[in-house]
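Okay, structure first, notes after.
Order of appearance sets the numbers: ligands from 1, and atoms from 1 within every ligand. Since the structure is predicted, the reported quantities are computational estimates derived from the model, not experimental observations.
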Amino acid sequence: MSVLITGGAGFIGSHTCVELLQAGEEIVVVDNFVNSKPAAVEAVKTITGKDFPFYEVDLLDEEGLERVFSENQIDCVIHFAGLKAVGESVQQPLRYYHNNLTGSLILCRVMERHGCKRMVFSSSATVYGNPHTVPITEDFPLSTTNPYGSTKLMLERIFGDLCVPDPEWSVTLLRYFNPIGAHESGLIGEDPNGIPNNLMPYICQVAAGKLDHLNVFGNDYPTHDGTGVRDYIHVVDLAKGHCNAVRYARQHTGCDAINLGTGKGYSVLDIVHAFETATGVKVPYEIAPRRAGDIPTCYADPSKAKRVLGWEAKYGLEDMCRSAWNYIQKKQEREGKERRSED
Ligand code: WQD
């Protein structure tokens with residue numbers, strides 16, 4: 001039996017494919033490359049030395065999805081595929097609701113048609129909104145402030161509702177905090193198209209000389225140094241958590257929400273200093289106005305993941321920074337070789 005990974009060419013998806021293959025799982029990958037590249041699929045095969053079926057299919061294409069399930073024996077789905085830029089979702093709500101919700105509903109319909117009723121869902125700490133305190137546990141109130149976050153919260157409720165009439169459904173909602181870093185090979189990592197929205201890829205572009213300086217969005221928050229505090233987690237730790245969640249989904253039914261975080265909060269300036277220490281590269285920055293929608297502090301209580309999944313984060317902040325920078329450096333080397341070979 002295989003695990004289907006939707007969005008498996010993406011940042012977290014590709015790292016999860018590596019860990020699943022190395023844990024001995026058979027996988028099938030689906031991606032439409034709207035926010036990823038075919039090179040990531042090849043990199044997973046290079047890193048693991050294993051092959052697997054890949055389908056370039058959009059979840060809105062029910063016939064394409066039907067073919068994936070007809071041609072493979074799938075017993076569990078890890079569902080990453082979806083649009084995920086907070087700011088873009090505010091500007092394009094209908095595109096986000098249609099893509100993320102309709103695509104997921106079609107996925108569930110095809111899953112049910114093929115008797116596949118195990119889902120591990122890529123949710124997000126964004127469903128907690130602005131928490132009244134920290135650390136955050138899974139029973140905290142849920143609220144969202146943008147269409148991207150609302151699609152995550154709506155899908156948590158939709159998938160949970162599947163479990164009510166049909167006791168065969170198993171849904172594990174993994175609420176990620178802030179995934180950063182990259183696989184040690186430097187072959188896969190986070191490198192969004194255009195100007196990065198998120199902190200670590202932006203810092204890496206500044207370190208690479210592609211951007212002039214980092215804008216620190218506000219230094220007047222009620223935190224230890226005035227800048228925003230988040231729970232940064234190594235993407236490989238996050239990927240390993242998905243392997244544990246697949247095993248859990250095969251042994252349990254019903255709907256369970258689980259935080260995947262380190263339980264430690266670091267500020268923007270903590271990250272800047274950790275990156276400079278880990279890489280030896282200076283990151284010039286300027287204090288800028290707060291970014292609309294940002295919250296002061298957000299970090300997890302990860303004890304349920306340890307209790308239920310037998311999982312906890314292992315990598316530290318320096319590993320996260322060094323691996324993120326290693327990916328960018330290796331990517332620049334690859335691009336340089338490709339340019340020279342074209343000349
Ligand atoms: C982190 C901190 C910023 C950029 C978002 C989504 C969340 C998830 C992860 C998808 C904040 C500060 C950032 C910059 C800065 N995405 N910052 N300058 O906003 O915590 O979470 O990405 O699942 O759902 O909400 O992550 O990396 O954008 O910001 O000062 O150029 O860095 O203010 O304090 P965020 P982030």
Protein heavy-atom partner closest to [atom] - residue, atom, separation in Å:
atom                    : value
atom 11 (C) of ligand 1 : Arg230 NH2, 3.8 Å
atom 24 (O) of ligand 1 : Ser124 OG, 3.1 Å
atom 29 (O) of ligand 1 : Arg291 NH2, 3.3 Å
atom 27 (O) of ligand 1 : Leu199 N, 2.8 Å
atom 18 (N) of ligand 1 : Asn215 O, 2.8 Å
atom 21 (O) of ligand 1 : Asn178 ND2, 3.7 Å
atom 12 (C) of ligand 1 : Val268 CG2, 3.7 Å

Check the angle between the aromatic planes of [X] and [Y] and answer parallel, tilted or perpendicular using the 30° and 60° thresholds.
X      : Y      : value
Trp325 : Phe275 : perpendicular
His15  : Phe11  : perpendicular
Phe121 : His79  : tilted
Phe69  : His114 : tilted

Using a 4.0 Å cutoff against the non-hydrogen atoms of [X], which atoms of ligand 1 qualify?
X      : answer
Thr126 : 24 (O)
Val216 : 30 (O)
Asn197 : 4 (C), 28 (O)
Asp294 : 3 (C), 33 (O)
Gly228 : 34 (O)

For ligand 1, find out whether one of its N or O atoms is nearer than 3.5 Å to an N or O atom of [X].
X      : value
Leu214 : no
Tyr202 : no
Val86  : no
Asn198 : yes

Point to revise | Note, Val77 side chain near Val120 side chain (heavy atom, < 4.5 Å) | key: no

Review point. Heavy-atom distance under 4.5 Å between the side chains of Asp212 and Val206, does that happen here?
Key: no

**Study point:** NZ or CZ of Arg230 within 45° of Tyr299 ring axis and under 6.0 Å
**Key:** no

Review point. When you measure from the centre of the six-membered ring of Phe52, is the NZ or CZ of Lys45 under 6.0 Å away and within 45° of the axis?
Key: yes

**Study point:** Leu199 CG to Thr227 OG1 distance, which is reported to the nearest 0.5 Å
**Key:** 9.0 Å

Check your understanding: Is the shortest distance from a heavy atom of Tyr148 to ligand 1 less than 4.0 Å?
Key -> yes

Check your understanding: Hey, is Tyr285 one of the residues with a heavy atom under 4.0 angstrom from ligand 1?
Key -> no

Review point. Quick one: does ligand 1 sit under 4.0 Å from the side chain of Phe11, the backbone, both or neither, non-hydrogen atoms only?
Key: neither

Practice item. For ligand 1, indicate whether the residue Val229 contacts it via side chain, backbone, both or neither (heavy-atom separation under 4.0 Å). Key: neither

Point to revise | Contacts of Lys331 that satisfy side chain to side chain contact (heavy atoms under 4.5 Å, CB included) - sequence neighbours left out | key: Asp191, Tyr327, Arg334, Glu335

Check your understanding: Does the side chain of Gln22 come under 3.5 Å of the side chain of Thr48 through a donor N or O and an acceptor N or O?
Key -> no

Check your understanding: Are any side-chain N or O atoms of Asp31 and backbone N or O atoms of Ser36, one a donor and one an acceptor, separated by less than 3.5 Å?
Key -> no

Practice item. Out of Phe217, Tyr176, Tyr232, indicate the one that has the non-hydrogen atom closest to atom 14 (C) of ligand 1. Key: Phe217

**Study point:** Pair Tyr176-His242, ring pair (Phe, Tyr, Trp, His ring centres under 6.0 Å): steps then yes or no
**Key:** CA-CA 11 Å; Tyr176 311 153; His242 287 74; 5.3 Å; yes

